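Step one of this worksheet: look at the structure below.
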Amino acid sequence: MNYYLTQDTTQTGILTMGGLDVVSLVKRFGTPLYLMDEAHIRHQCQWFTREFKHPQLETEVIYASKAFLPIAMAQLVAQEGLSLDVVSGGELYTAMQAQFPMEKIYFHGNNKSKEELQLLLDAGVGTLVLDNAFELDRLVSLLQPQHQLKVLLRVNPGIEAHTHEYIATTKNNSKFGLSVFDPETLNVIAAIAAVPQLTFLGLHSHIGSQIFEAASFDQHASAIMAYVNTIHQTLGLEVQAINLGGGFGVRYTADDQPLEGADYLHTMLESIVRAAQTYQLKHPKVMIEPGRAIVANAGITLYEVGNAKTTHAQKRYCFVDGSMADHIRTALYQARYTGILANRVHDAHEHPYTVTGKACESGDIIIKETLLPHPQPGDVLAVFSTGAYHYSMASHYNRLPKPPVVFVRDGKAKVVVERERFDDLTRFDVKDAL
Ligand code: LLP
């Protein structure tokens, strides 16, 4: 379960990552600290690129940047040859700062503003993932004769993915996209195809996140291919590409059983080839958009233990110097995590503790329950699998500055996001407004 226990650790009893012991990294960079194993991120990018292939299909892997997107990450993704999914002007701006190739960007979102649409047109973004007819009108009102944009329409095939309600996205009442069961959706497709500056590329659909069942992905691919056939039959339009989104689950605790190997990807591609044969359709290009599966297991968060407390009702708390501001997933999704005392790896981890932070709220839980040795002030607590949706979902609640992000690789550490200071927190406050 402890992903980064190496031989060094066995000798010293200190957790290591990227060839460096984390206690010295904590001395150098302070706590809380987001630490990421750069080699692991690159390995995941390469794995998806290698495995998401089929001899009869053109394929593309797009990194879902909402999981984690400092400039360095956008640069890494460009180096590894993946495309990029962005969902806001801010994510697009970050990609621009990283000089990410604009033609490899997919711009998503269910409520893009006029400013965001203008920015993506000006920047030369390759593909827009259109959500609805209103957005099409808004886009058309901004188009100039010289603009050229590929468009995927986000559709909802009504697949029930078994995951947390907040991260399941294609149930029939989801806010995203247009239903394949609504006849009006075909009119929107026809309207896109009729705009000279737009190329109707095809469909996008994403069934949810942290999914462990291969059958969900398969069912999804089949449902989308059935709709590709409907479009062909009714509008005579050939769908050139389908983007099946992300959602590939990862392990946070020993109870999680993510899909092993790449069979589920191959099966998904195979079912697309089969459906194309059945419906006698040209093979579409197929894309996926993993976010979590690229970065989650590459990250750990390091905290310093301030104290431990046993309540009158005998509940044991371990207090650390972070909070729900840097770790919101436990409070928001009841997510479960594993922790370890990184400076005392060999001590028996046998006492149940709730790890909590310093935010002024009882819901400020980092790990609901994990086994630890009795923590001492100054111990370093590591929480595993925090590479996705942690830094990107961090807030300033209680005016806590955001931790830095450090990449480690081959014995070297690189700061990719600096630690915020108090003056960063007040930078936008107007002192003489009253
Ligand atoms: N594509 C689209 C259109 C998406 O909406 C998402 C995630 C992805 C790809 C990437 O999904 P992934 O491979 O990372 O599962 N904050 C939540 C997750 C929200 C995911 C939203 N969309 C969490 O911390 O679990």
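Every number for a ligand or one of its atoms is a count from 1 in the order of the listing. Being a predicted model, the structure only gives us computed values, none of them experimental.
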Task: Any donor-acceptor N or O pair under 3.5 Å, side chains Asn132, Glu135 - done: no
Open item on the list: Which option wins on minimum heavy-atom distance to atom 4 (C) of ligand 1: Met287, Glu289, His108, Lys66?
Closed with: Lys66
Open item on the list: Is it the case that ligand 1 has an N or O less than 3.5 angstrom from some N or O of Arg154?
Closed with: no
Open item on the list: Are Tyr34 and Val416 packed together at the side-chain level, in the sense that at least one heavy-atom pair is separated by less than 4.5 angstrom?
Closed with: no
Task: Gly247 N/O under 3.5 Å from ligand 1 N/O - done: yes
Open item on the list: Can you name the atoms of ligand 1, numbered from 1 with element, that are less than 4.0 Å from a heavy atom of Gly246?
Closed with: 9 (C), 13 (O)
- [ ] State, yes or no, whether a side-chain contact exists between Thr330 and Val355 at a heavy-atom distance under 4.5 Å.
- [x] no
Open item on the list: Strictly by salt bridge (charged side-chain N to carboxylate O under 4.0 Å, His left out), give each pair with a member in residues 72-87 just once, sequence neighbours left out.
Closed with: Arg42-Glu80, Lys66-Asp85
Task: Which of the ligand 1 atoms, numbered from 1, are nearer than 4.0 Å to a heavy atom of Pro290 - done: 13 (O)
- [ ] Tell me, yes or no, whether the heavy-atom count around Arg336 atom CZ, taken from other residues, nucleotides or ligands under 6.0 Å, exceeds 12.
- [x] no
Task: Gly291: numbered ligand 1 atoms lying under 4.0 Å from its heavy atoms - done: 12 (P), 13 (O), 14 (O)
TODO: Of the side chain and backbone of Val87, name the one, both, or neither that has a heavy atom under 4.0 Å from an atom of ligand 1.
DONE: neither
Task: salt bridge (Lys or Arg N to Asp or Glu O under 4.0 Å) partners for Glu58, two or more places apart - done: Lys285
Open item on the list: Between His266 and Glu51, do the side chains contain a donor N or O and an acceptor N or O under 3.5 Å apart?
Closed with: yes
Task: Donor-acceptor contact present, side-chain Asn343 to main-chain Val380, <3.5 Å - done: yes
Open item on the list: Tell me the contacting part of Tyr333 for ligand 1: side chain, backbone, both, or neither, using a 4.0 Å heavy-atom threshold, strictly below.
Closed with: side chain
TODO: Could you tell me how the ring of His108 sits relative to the ring of His204: parallel (under 30°), tilted (30 to 60°) or perpendicular (over 60°)?
DONE: perpendicular
Task: ligand 1 to His204 polar contact by distance, N or O atoms, under 3.5 Å - done: no
Open item on the list: Using a 4.0 Å heavy-atom cut-off, which part of Arg292 comes near ligand 1: side chain, backbone, both, or neither?
Closed with: both
Task: Atoms of ligand 1 close to Met393 [distance to a heavy atom under 4.0 angstrom, numbered from 1] - done: 16 (N), 24 (O)
Task: ligand 1 to Ala293 polar contact by distance, N or O atoms, under 3.5 Å - done: no
- [ ] Under 4.0 Å from a heavy atom of Ala64: give me the atoms of ligand 1 that qualify, with their elements.
- [x] 8 (C), 9 (C), 10 (C)
